[in-house]
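Below, chain A is the first sequence line, B the second, and so on; all start at residue 1. Predicted model, so just to flag it, every value in this text is computed and none were measured.
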Amino acid sequence: MMKIFKRVHLIRTKLYKFSASAHQSTSHLHSNLKPPKANQTLKTYLTSNCNAKAILFFRQLLRHNPSSIDSFSFLFAIQACTKTPFSLEGQQLHANLIKFGFHSVIHLQTSLLNFYSALGNLLYAHHVFDEILSKNTISWTALISAYVVNQKPQKAVELFQKMQMLDVEPDQVTLTVALSACAHLGALEMGEWIHAFVRRKPELMADAGLNNALINMYAKCGEIQTARKLFDSLGEKDVTTWTSMIVGHALHGQANEALGLFGEMEEIKWKNSKNKEEGNRGSSTILPNDVTFIGVLMACSHGGMIEEGKKYYRHMVNYYGLKPREVHFGCMVDLFCRAGLLKEAYNFIIEMPGQANAVIWRTLLGACNINGEIELGEKVKLQLQELEPGYVGDSVAMSNIYAAKGMWDKKVEVRDQIKQLRRAPGCSSIEVASEISEFISGDDDHPLKTEIYEALTYLTISMKAYDYSLQISSLLEF
DNA sequence: TTAGGGTTAG
C-alpha cells in the first residue's frame, strides 16, 4: 500500500511541475492578441448549430492564418466540439491551446471541463479543474454540474460542501445544480438548507430556474405538497415549472392532479389564442414540450389510464407536432405493461421506428415476470441477449419466471448460466493495482475497504492524468 | 465576442 502512495505522490509531483512550468512560460502570450474578425464567423456557425463547419473553419485558420487565432477562437471551437460532441477534435484543440499558451485562461479551462464532461470523461474534466489556479464560482459550478450530468450526485454534493468550506460563494446556477443532485439522491435536508439560503436573498428567489429546481427537489424527495405550495406561489411559470410539477404528481401516482395541471396549461393557451382573436393582450403562452408529455404519459401509466395514455400520445404527435423520442416509446410500453397488456406492449415495440433499447425490452421482461408469461419472456430475453449479453439481471428475471411456474430444470439451467457470467472478471480500471481490485471485489466487508478505495481512486486519477499529459503532447498536430 | 443551469420511461 505504501508503495502505491509513494508512486501516486511521485506522479502528482511530476504533474504539478509540468503544469506549473506551462503556466509560467506562456501565460503572457494571449493578452497581446487583437480580436479577429474570424471569431464572428465561428460564432455564427456555433449559434446556427453548424458545429462541424465551425471546426473545419478553425482548422483552416490554424493552417493558413494562425495569427488570427485568439483565445475567443478557441473558446468557440471547443463549444462546437462540446455540442456534438467531437471527441478527437476537442482533444486536439486542447493540445493546440496549450501550444498557443492559452491553457491558463479560465474561460477556456472551464469550457474544456464542460467538453470532457460531455464526453462522460470525469477524470479529465476533474483534472482540467485541478489545473485552474484561481477557481471561481463558475468553474466550481461546472465541475459540480459535470458530476450531476454523469450520474454521480453524491460526489456533486460533496464538492458543493467542499466549495462552502473554501468560502467560494455559490450563485443561482450553483444552487440549481446542487438541488438537482439533491433530487437524485433524495437528500431532503440538504435541499431544505439550500432553500433557506435562497430565501435570504431576494435576487435568488426571483430566479426561475432555481425555483423550478426547488419544485423538482421537493417532489423527488417525497415532499409533494411542499412542491405544490411553491408551484402555486410562483407568479411567473415557464414550461419547465409546469412540467416539473406534472412529473412530480405523476411520480407520486397522482394522475388526476398531473392531468389537471396539464389541462390548466392548455386552458391558458386557449384563452390566449381567443384574446389574440379579439385583439387583447393576454399573459404569455406556454406550450407543452416533449418532456411535458413524458410527465403526462407517466401519469397515465402510473394511474392505469390506458385509453387516456393513447389519446395524449396521439395529441402530442398530431396536435403539437412533437416527434416522439425513445423515451416516449418507453412510456407507452410501460403504460401497457403496468396494465398487463403484454401483447400490446410487444406489438408496440415491434412497430416503433428504430431498434428498441435494452431498457424498453427490460420493462417488458419485468412484466412477463410478474404475469408469468414464459413464452413471451423467452422471446424478450433473446432480444436482451443480443443487446446486453452480460447483464445478469435479465437472467435472474428469466430464472424467476421459470421458478414461479415450477420449471425447476429450466431454472437450474439459467442459474448455471448466471454463475458462468459471474465468473467473468469485473471491470478493473487500473492494471497496476489489479491485485487490490480483485481483493475488493471479493470482500465487500473488509475493514479497510474505504481506505483502499481512496488509494485506488487517487491512483486512477494520477495514472490517467499522467497518460493525459502524454496524450496531449502526442496530439499537438491538428 | 468569453466559461457553468432546471424538467426526461425502468
Hey, does the side chain of [X] come within less than 4.0 Å of [N]'s phosphate (OP1/OP2), counting only N and O?
| X | N | answer |
| --- | --- | --- |
| A:Asn114 | B:dA3 | no |
| A:Lys237 | B:dT7 | no |
| A:Gln79 | B:dA3 | yes |

What ring-ring contact (aromatic ring centres under 6.0 Å, His included) pairs are there with at least one residue in residues 142-166 of chain A, not counting sequence neighbours?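 The answer is A:His126-A:Tyr147.
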Under the ring-ring contact (aromatic ring centres under 6.0 Å, His included) rule, what pairs show up with a residue in residues 219-243 of chain A, not counting sequence neighbours?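 Every ring-ring contact (aromatic ring centres under 6.0 Å, His included) pair that includes a residue of residues 219-243 of chain A, provided the two are not neighbours, is A:Phe231-A:Trp242.
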Residues from residues 168-185 of chain A sitting under 4.0 Å of DNA chain B, heavy atoms only?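 Those residues are A:Asp171, A:Gln172, A:Val173, A:Thr174, A:Thr176, A:Val177, A:Ser180.
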Can you pull out the residues from residues 365-384 of chain A that lie within a 4.0 Å heavy-atom distance of DNA chain B? none
Can you name the side chain to side chain donor-acceptor pair (under 3.5 Å) partners of A:Asn256, sequence neighbours left out? none
For the residue pair A:His315 and A:Tyr319, categorise the inter-ring angle as parallel (less than 30°), tilted (30 to 60°) or perpendicular (more than 60°).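 The rings of A:His315 and A:Tyr319 lie parallel, inter-plane angle below 30°.
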Shortest side-chain distance from A:Lys220, nucleotide among B:dT2, B:dT7, B:dA3: B:dT7
Which nucleotide in B:dT7, B:dA3, B:dT2 has an atom nearest any side-chain atom of A:Lys43: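 In terms of side-chain proximity for A:Lys43, the closest of B:dT7, B:dA3, B:dT2 is B:dT2.
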Below 3.5 Å, can you tabulate the donor-acceptor pairs from side chains in residues 219-228 of chain A to any protein atom, sequence neighbours excluded?
from	atom 1	to	atom 2	distance (Å)
A:Lys220	NZ	A:Asn216	OD1	2.8
A:Glu223	OE1	A:Thr226	OG1	3.3
A:Arg228	NE	A:Asp232	OD1	3.2
A:Arg228	NE	A:Asp232	OD2	3.4
A:Arg228	NH1	A:His249	NE2	3.1

Is A:Lys381 salt-bridged to A:Glu378, cutoff N-O under 4.0 Å?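 Salt bridge between A:Lys381 and A:Glu378, a charged N being under 4.0 Å from a carboxylate O: no.
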Should A:Asp290 and A:Arg325 count as an ion pair when the cut-off is N to O under 4.0 Å?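 A salt bridge links A:Asp290 with A:Arg325.
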